[in-house]
Amino acid sequence: MSHLVLIDGNSIANRAFYALPLLSTSAGLHTNAVLGFTTMLLKVLEEMKPTHVLVAFDAGKVVFRHSEFAEYKGGRSKTPPELSEQFPLIRELLDAFSIRRFELEGYEADDIIGTLTLRADENNWKTTVITGDKDMLQLVSDNVSVALTRKGVSEIEMYTPKEIEEKYGLKPLQIIDLKGLMGDSSDNIPGVPGVGEKTALKLLHEYGSVEAVLDNVDKISGKKLQENLRENVDKAKLSKALATIMRDAPVEVNVEETSYQGYEADPVVDFFKKMEFKSLLPKVKGTATAEGGEVTEAAPFSFEVVEEGQTSQFADKLTSPMAFYVEMDGENYHHAPILGFGLAADGVALYVPWDVAKEWTAFREWLADESREKWVFDGKRDTVGLAWHGLELAGIRFDSYLASYLLNAAESSPQVADIAAHYAEIRVLPDEEVYGKGAKRIVPESDVLSEHVARKAAALWQCVPRIRTEVEASRLDELLKRIEEPLSLVLAAMEKQGVKVNESRLQQMGEELDAQLEKLTEQIYELAGTSFNINSPKQLGEILFDKLDLPVLKKTKTGPSTSADVLEKLAPYHPIIEVILHYRQLGKLRSTYIEGLTKEIHPGTGKVHTLFNQATTATGRLSSTEPNLQNIPIRLEEGRKIREAFIPSEEGWYILAADYSQIELRVLAHISGDENLIDAFQKDMDIHTRTAMDVFGVAQEEVTSLMRRQAKAVNFGIVYGISDYGLSQNLNITRKEAGEFIERYFAVFSGVKKYMEDIVQQAKQDGYVTTLLHRRRYLPDIKSSNFNLRSFAERTAMNTPIQGTAADIIKLAMIRMQEKMREKGLKSRMLLQVHDELIFEVPEDELEIMKQLVPEVMEHALELKVPLKADVNYGRSWYEAK
DNA sequence: TCGCTCACG
DNA sequence: ACGTACGTGAGCGAG
């Protein structure tokens, strides 16, 4: 019996593209959608054993079947270039498999498939449609099944009339009515506002079709629902029409002509090799590898170790450019010993052990020579690590670590092994596999170590041209060259410089805390009637919710929540609550900020030397670890005192701190172009007061502190990607009230509203969002059918350009500031960056100039439609610089 | 190692 | 109907 398989080419390619990471061949060709498509195809051929196969594609311009609704399918008219460049490859794939493919100018794949299923049905053939699009379920009949892909393309779910009945309680054709009522955002079918799947199914179970629902509007319960249906009769009918798949498109292929007789191994193998699908090669039928033969042999790798006394033989191998890697024993390069160096260029791969390198003068000169180009992987790490050993590094030209972060910020802090897997032929093991992890970590035998490091350098050498091509193709080259690479050297200097900590001051504060905590502990035990571990949420929960019988307001996965916002609500019920809150606050100070910070003081310098991670965050911000100096307390006075321990490293100097005022809202004003918000900043008004005036419709002097507080929360919400639920939680108000605030905000700041809508739309089209300086973040979940994932991606789409642009701006300011200080021969030093503020240590005679220079540089780092504003303060400690 | 809690912007 | 505010890192308890 004939079995026809019809594949929705565009739908599967899209699914595969968003489900898989953006893989590419060593030549820089993107292949993730091709790979996903291939996996699906192999599985279908193997499991369904079709006699006939055809893959349908959309073709040509989108057809506006309904001119009255021009937005139709607007949401997917623009495909990201990384995907569209893969369609020709998918066509090649199908040709290699001798599979019929078809597209028809002006028609979509659905229409072709709809037409062919009908014809096959008439012949009484069995047909299976493979797609990711639920709309296709309308094609199901006794002879036609639809296989929907799940989890990208790796799994399929078969639908016959029985499954549709079980899942929806509908006949296949009623899927059209379902879409007509509920709409489909990914397909830009509007549906009826306020009607989701639940409501639509309820209505259809009762009345059967869109038309019958509309005819019986009067009988439908729910005033709002009735009203929505009445006001959207046309929309409902149009949506139904849009959701209906054509069954009579002029498809000139007969079903008999889609006959499939299996494939030839050779063209498939050639194609897989071109795509570098090494893991799929053994699956090709009729080749030696498929019968269990040897797969592919690892490429041979040769390298040389530079031994003591032989350095002169290697002097002429120190060329320019050269891939360069510093191997260290440990993650923290402020402490980690240097094990050796990897160097590579065309036909050269060297390992230089540390003991040899430090005595090799020509090598040290090569290191410090600005004109000798080094292709590095995390040049900041190399620079600081070498600086601790008194070695200078210059000539850094291309940093693959930063480049690969810009290409995909989702893969944070990559290793050489990660980029080598993407861009190089040479294999590099992850460090964890060479050293072991955790307590089992150990430096391997020298032959293993030297090969590992030499491989890293050799892989780096292969990666650079390919990564550079991708960086340029994505318009990220400016960001890399002008911002991230120069910044890495600014950060290197800051980390190496460190921040002086007054250890005895910390110790003294610790003793005071100990005394207070002891008293609080006693009080808590007394009030609880028993002793227990207050730091254990589990034990604390038992005391509060079982023993004292307090109400459970919020739950976590593991039990009732004891977080501060819950405890604050419980305070009126029992005096123990406020003592616990105080205990928590002081306990945090003691463990994280007194004990934690003290452990991080460098014994040699008496300073803390943080690590600024430049390739961690999804938005382009920095992060800080060991210790994290970006979360030192400030909001509560008791915690703020910790800042008294951060002091200048030179006698008589000052700490100077400058912070941007409302940088994120100013960035929002610029990118949204909202006239009202721009006006507020041009007049340099208090933005929360101004928001309160506009949202509540009152004069400036009528703004109460409550109104300002609420307006402030709304402003925060706007920056985070507003939701009524989030705002209601924050302000402790109902969702309805929160929704009203948002509505009023958007009425006044309509440009902001438009920005929010546009950016989400853009993210859906492109699959990513960008900052002003082209920094990119991919949002694979933006079209997810899972509400939570999609909503999260939508808020991220709103927030990332704002947070990321602010990050771009302060990075520019840091680079400019470092340049200015050098030009002017200033002795002042930049010490820290805390997202919107910069902290310096400054000699007394430079206070005047720095007070003026720092805000000036920050305010003009990038010209926006609104002025940027920075405030500056200084004092004898970080605490006093307020 | 994971989840919770809490410090910052 | 669904159930989260965006971005981080560290310490602790428990398995």
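We name chains A, B, ... by the order of the sequence lines, and we start the count at 1 in each one. Remember, it's a predicted structure, so these values are computed and weren't measured experimentally.
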| said: Under 6.0 Å from the ring centre and within 45 degrees of the ring axis: does the NZ or CZ of Arg776(A) meet both conditions for the six-membered ring of Tyr768(A)? | reply: yes
| note | For residues 623-647 of chain A, the ring-ring contact (aromatic ring centres under 6.0 Å, His included) pairs (sequence neighbours left out) are Phe646(A)-Trp878(A)
| field | Rounded distance (Å) that lies between atom C1' of dG9(C) and atom CG of Leu597(A) | value | 13 Å
| said: Tell me whether His334(A) contacts the main-chain N or O of Thr610(A) through its side chain, where contact means a donor paired with an acceptor under 3.5 Å. | reply: yes
| task | Using a cut-off of strictly less than 4.0 Å, decide whether Thr558(A) has a side-chain nitrogen or oxygen near OP1 or OP2 of dC4(B). | result | yes
| remark: When rounded to whole Å, the CD1 to P distance for the pair Ile577(A) and dT5(B) reads 13 Å
| message | So, taking the atom named CG in Leu181(A) and the one named CG in Leu201(A), what distance separates them when rounded to the nearest 0.5 Å? | response | 9.5 Å
| Spacing between Met756(A) atom CE and dC6(C) atom P, to the nearest angstrom | 13 Å
| field | Distance test, side-chain N/O of Ser561(A) to OP1/OP2 of dT5(B), below 4.0 Å | value | yes
| note | Asn799(A) CG to dT8(C) P, in whole Å, measures 10 Å
| request: State whether the side chain of Tyr660(A) and the backbone N or O of Met858(A) hold a donor-acceptor pair below 3.5 Å, judged by distance alone. | output: yes
| Rounded to the Å, how far apart are Glu595(A) CD and dC12(C) C1'? | 12 Å
| query | With stacking defined as ring centroids separated by under 5.5 Å and planes differing by under 30°, is Phe792(A) stacked against dT4(C)? | reply | no
| message | What is the distance, to the nearest angstrom, from the CG atom on Asn786(A) to the P atom on dG3(C)? | response | 9 Å
| Rounded to the nearest Å, what distance is computed from the NZ atom of residue Lys557(A) to the P atom of nucleotide dT5(B)? | 12 Å
| request: Can you check whether any acceptor in the base of dC6(C) is under 3.5 Å from a donor in the side chain of Gln803(A), or vice versa? | output: yes
| In terms of the angle between their ring planes, are Phe749(A) and Tyr745(A) parallel, tilted or perpendicular, with boundaries placed at 30° and 60°? | parallel
| request: Indicate whether OP1 or OP2 belonging to dG7(C) is found under 4.0 Å from a side-chain N or O atom of Ser623(A). | output: no
| query | What about Ser791(A): does its side chain form a donor-acceptor pair under 3.5 Å with the base of dT4(C)? | reply | no
| message | Would the base of dG9(B) count as contacting Arg635(A) through its side chain, where contact means a donor and an acceptor less than 3.5 Å apart? | response | yes
| said: Counting runs of three or more consecutive pairs, Watson-Crick or G-U wobble, with each distance below 3.5 Å, where are the stems of DNA chain C? | reply: B:1-9 with C:6-14
| query | Given the side-chain rings of His335(A) and His602(A), with only the six-membered ring counted for Trp, is the space between their centroids under 6.0 Å? | reply | yes
| remark: Between CD of Glu664(A) and P of dA5(C) the distance, given in whole Å, is 17 Å
| Is there a donor N/O on one and an acceptor N/O on the other, under 3.5 Å, for the side chain of Arg795(A) and the base of dT4(C)? | yes
| message | Would you say the base of dC6(C) stacks on Tyr720(A) (centre-to-centre below 5.5 Å, plane angle below 30°)? | response | yes
| said: Looking at the base of dG11(C), is there any donor atom on it, or on the side chain of Arg590(A), that sits under 3.5 Å from an acceptor on the other one? | reply: no
| query | So, is Arg584(A) near the phosphate of dC6(B), with a side-chain N or O under 4.0 Å from OP1 or OP2? | reply | yes
| Under 4.0 Å between a side-chain N/O of Lys437(A) and OP1 or OP2 of dT1(B), yes or no? | yes
| said: Checking the side chain of Lys547(A) only, and the main-chain atoms of Ala528(A) only, is there a donor and an acceptor separated by less than 3.5 Å? | reply: yes
